[in-house]
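Numbered from 1 within each chain, the chains take letters A, B, ... in sequence-line order.
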Amino acid sequence: MKVRLIDDKCQGHGRCYALAPELFESDDYGNAQLCGDGSVLPGQEDDARLAADNCPEFAIELDEA
Amino acid sequence: MPVSSWADDYDIFDHDYVANPFPVWDELRGTCPVAHTDRWGGSWMPTRYEDVSAIAHDTEHFSSREVLVTPAPEPPEDGEEMVLQLGGEVAAPPITSDPPEHQWARRLILPMFAPKAVEKYEPITRDLCRSLVQDLVAAGKGDAAVGYAQQIPVRIIAKMLGIPESMSETFTQWVRGALELGATDPEVRQEAFKEIITYLFEEVTKRKEHPGDDILSELLAAEVDGEPVPDYHVIGTGILILVAGIDTTWSAIGSAIWHLATHPEDRRRLVAEPDLMPLAVEELLRAYSPVTMARVVKEDVEVNGCPMKVDDRVLLSFPSANRDPEVFERPNEVILDRAKNRHIAFGAGIHRCAGSNLARMELRVAIEEFLRAAPEFSLEDGATVTWAGGQVRGPRQLPVVFG
Ligand code: HEM
Ligand code: SF4
């Protein structure tokens with residue numbers, strides 16, 4: 001599984017880095033950035049889904065493959 | 001005058017609506033999703049998530065130049081030069097800015113409210129909450145709105161602005177004058193803004209001589225395209241932080257405590273499962289969203305079949321959007337561990353609440369410390385809970401008993 005962050009949709013609601021801190025972090029402005037390359041390790045799938053399902057801007061996409 | 005029909009004569013200040021707006025929104029979403037009224041200068045009110053979110057994202061057709069729905073007072077004739085410079089409609093960037101100004105005005109303050117910057121204030125917030133709740137518990141009963149919720153955000157904001165805590169009571173009066181009481185009384189609103197502006201004007205003058213470690217000094221030291229930020233902009237942003245950061249957050253804290261006082265099963269669950277806090281905070285924000293913002297139509301546009309004309313006002317009911325059954329399962333229930341929760345209590349699009357990280361921290365800490373000191377509490381028998389409404393909704397009297 002992979003997560004993708006669509007930068008120009010993100011408005012810094014901060015839901016993702018609160019819910020999945022191993023996948024997302026805040027930049028200096030409170031907008032999201034990926035911690036790594038977006039790869040979701042085994043055991044992180046639920047957090048990845050939670051982040052995507054709570055982003056009010058639909059800025060997070062999941063690649064389930 | 002009583003409301004004749006919520007679809008075309010709504011009144012956001014109606015007493016029963018303020019106390020319990022939820023049935024009205026449910027009805028409107030199903031029957032007339034973009035309501036209209038001629039009251040208070042006239043406005044439209046979309047109630048569905050999809051429409052509210054679409055308008056919040058559409059800065060081409062909708063301007064933020066006036067985010068309060070009731071007409072602004074006339075510009076004052078006397079008073080500080082600053083007041084005149086700012087005009088009658090007080091500019092409070094970035095909330096009243098449209099693109100392109102909005103972008104730099106917002107970038108200027110975002111770092112001050114980013115998660116790392118906010119973390120610094122958690123220990124003092126916790127100490128403050130502890131001492132407030134201890135006093136209430138010691139008395140056996142008390143007003144959780146006046147004695148708790150209302151006391152918290154104002155002190156944190158004062159700290160951030162580098163203003164002595166002794167000003168808290170005065171700030172609280174000003175903020176209530178600017179929003180809650182001023183919403184229906186232009187004179188009260190004008191007087192409150194004038195006092196805030198005059199005060200910030202003096203503070204800015206002081207900071208120029210003696211910069212400190214506070215937001216006003218940071219704004220004064222900032223540059224945009226190599227130019228210092230004009231004083232009136234610093235004051236405008238100061239007004240915004242004062243007015244936007246205080247009664248919004250105390251309303252959210254108060255509503256959360258009201259919910260926990262009236263829903264013992266949720267209260268006990270939260271006490272037993274403290275790991276639920278992050279999701280629970282979002283759920284309480286969703287269910288009791290305090291803030292409704294306004295827009296002014298820039299270009300004629302149709303929303304869900306309703307023709308909006310230039311200069312019409314539109315109320316963005318984030319609170320109603322957050323209870324839309326199209327988006328949220330069982331929307332009128334508080335589900336503390338709700339896993340799908342794209343709520344827009346902090347707005348959506350470019351104006352997303354810049355203080356949301358601070359507000360969340362305060363709300364979480366306020367609930368944690370209240371429950372730690374008082375795991376069992378309920379509304380006082382026969383006591384009256386009163387609510388403030390309009391564009392910021394939350395309890396203003398909340399008598400509780402402990403044990
Ligand atoms: C629970 C508490 C709060 C709620 C529900 C809330 C809600 C909102 C909403 C809905 C907006 C969007 C306005 C719009 O679209 O026109 C907003 C904007 C804003 N809020 Fe908050 N707010 C809260 C607390 C705070 C705090 C603590 C601060 C910081 C001091 C703050 C500062 C701001 C600022 C600066 C903006 C303007 C952002 C922009 O226009 O780019 N708010 N808030
Ligand atoms: S939740 Fe969405 S909008 Fe918020 S920071 Fe994460 S990606 Fe950005």
Side-chain angles (χ1 to χ4, degrees), chain A, chain B residues 49-50 52-54 56-57 59 94 102-104 106-119 275-283 285-286 289 318 321-322 327-329 337-361 364:
Chain A
M1 190 196 265
K2 279 200 108 159
V3 284
R4 254 193 322 272
L5 180 65
I6 306 157
D7 288 328
D8 57 358
K9 283 193 175 178
C10 171
Q11 297 289 355
H13 287 258
R15 305 293 306 282
C16 56
Y17 49 77
L19 292 166
E22 68 285 11
L23 296 170
F24 303 92
E25 59 191 11
S26 164
D27 68 8
D28 293 343
Y29 294 89
N31 286 338
Q33 55 193 29
L34 292 174
C35 298
D37 66 355
S39 301
V40 180
L41 300 178
Q44 298 176 341
E45 293 94 341
D46 285 352
D47 280 1
R49 281 192 200 101
L50 208 52
D53 284 345
N54 283 278
C55 172
E57 305 291 345
F58 293 83
I60 297 169
E61 286 179 357
L62 290 185
D63 214 337
E64 293 272 356
Chain B
Y49 186 101
E50 195 185 342
V52 173
S53 175
H57 284 97
T59 53
H102 175 264
Q103 192 181 10
W104 66 259
R106 180 173 168 88
R107 277 183 83 82
L108 213 51
I109 59 167
L110 281 180
M112 303 168 188
F113 298 101
K116 267 208 196 71
V118 163
E119 250 170 47
D275 289 351
L276 286 182
M277 270 310 279
L279 286 180
V281 162
E282 301 302 329
E283 175 64 348
L285 279 166
R286 179 193 72 80
S289 305
F318 301 117
N322 283 339
V327 179
F328 302 95
E329 279 173 40
D337 56 356
R338 187 182 288 275
K340 281 193 183 179
N341 188 356
R342 294 182 206 271
H343 77 76
I344 48 175
F346 292 116
I350 63 168
H351 290 281
R352 185 271 308 167
C353 176
S356 61
N357 293 302
L358 176 65
R360 284 196 173 102
M361 181 278 281
R364 173 174 51 80

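- The residue among A:Glu57, A:Arg15, A:Arg49 with the most heavy atom pairs within less than 4.5 Å of chain B is A:Arg15.
- A:Asn54 touches chain B through backbone and side chain together, each having a heavy atom under 4.5 Å away.
- No more than 12 heavy atoms of other residues, nucleotides or ligands lie within 6.0 Å of CD in B:Gln103, so this atom counts as exposed by the packing criterion.
- Environment of CD in A:Glu45: crowded, with over 12 heavy atoms of neighbouring residues, nucleotides or ligands closer than 6.0 Å.
- No other option in B:Lys116, B:Glu282, B:His343 has as many heavy-atom pairs under 4.5 Å with chain A as B:Glu282.
- Residue contact with chain A, scored on non-hydrogen atoms closer than 4.5 Å, involves the backbone and the side chain of B:Pro111 alike.
- Of the two parts of A:Phe58, the backbone and the side chain both hold a non-hydrogen atom closer than 4.5 Å to a non-hydrogen atom of chain B.
- Contact detail for A:Ser26 and B:Pro115: the closest heavy-atom pair is OG-CD, 3.4 Å.
- Annotation: maximal heavy-atom pairing with chain A below 4.5 Å, among B:Ile109, B:Ile350, B:Asn357, occurs at B:Ile350.
- Residues B:Tyr49 and A:Pro56 share a closest heavy-atom pair of OH-O, 4.2 Å.
- For the set A:Cys55, A:Gly14, A:Ala52, A:Gly30, the entry with the most heavy-atom pairs within less than 4.5 Å of chain B is A:Cys55.
- Across all non-hydrogen atoms, the minimal contact from A:Leu50 to B:Ala339 is CD1-O, 3.4 Å.
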Please step through side chain to side chain donor-acceptor pair (under 3.5 Å) for the pair B:His351 and A:Gln11, ending with a clear verdict. CA-CA 8 Å; B:His351 290 281; A:Gln11 297 289 355; over 6 Å; no
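- By the 4.5 Å heavy-atom criterion applied to side chains, B:Asn341 and A:Asp53 are not counted as neighbours.
- Note: A:Asp28 CG to B:Leu110 CG = 10.5 Å, rounded to the nearest 0.5 Å.
- With a 4.5 angstrom heavy-atom cutoff, B:Arg107 touches chain A via backbone and side-chain atoms both.
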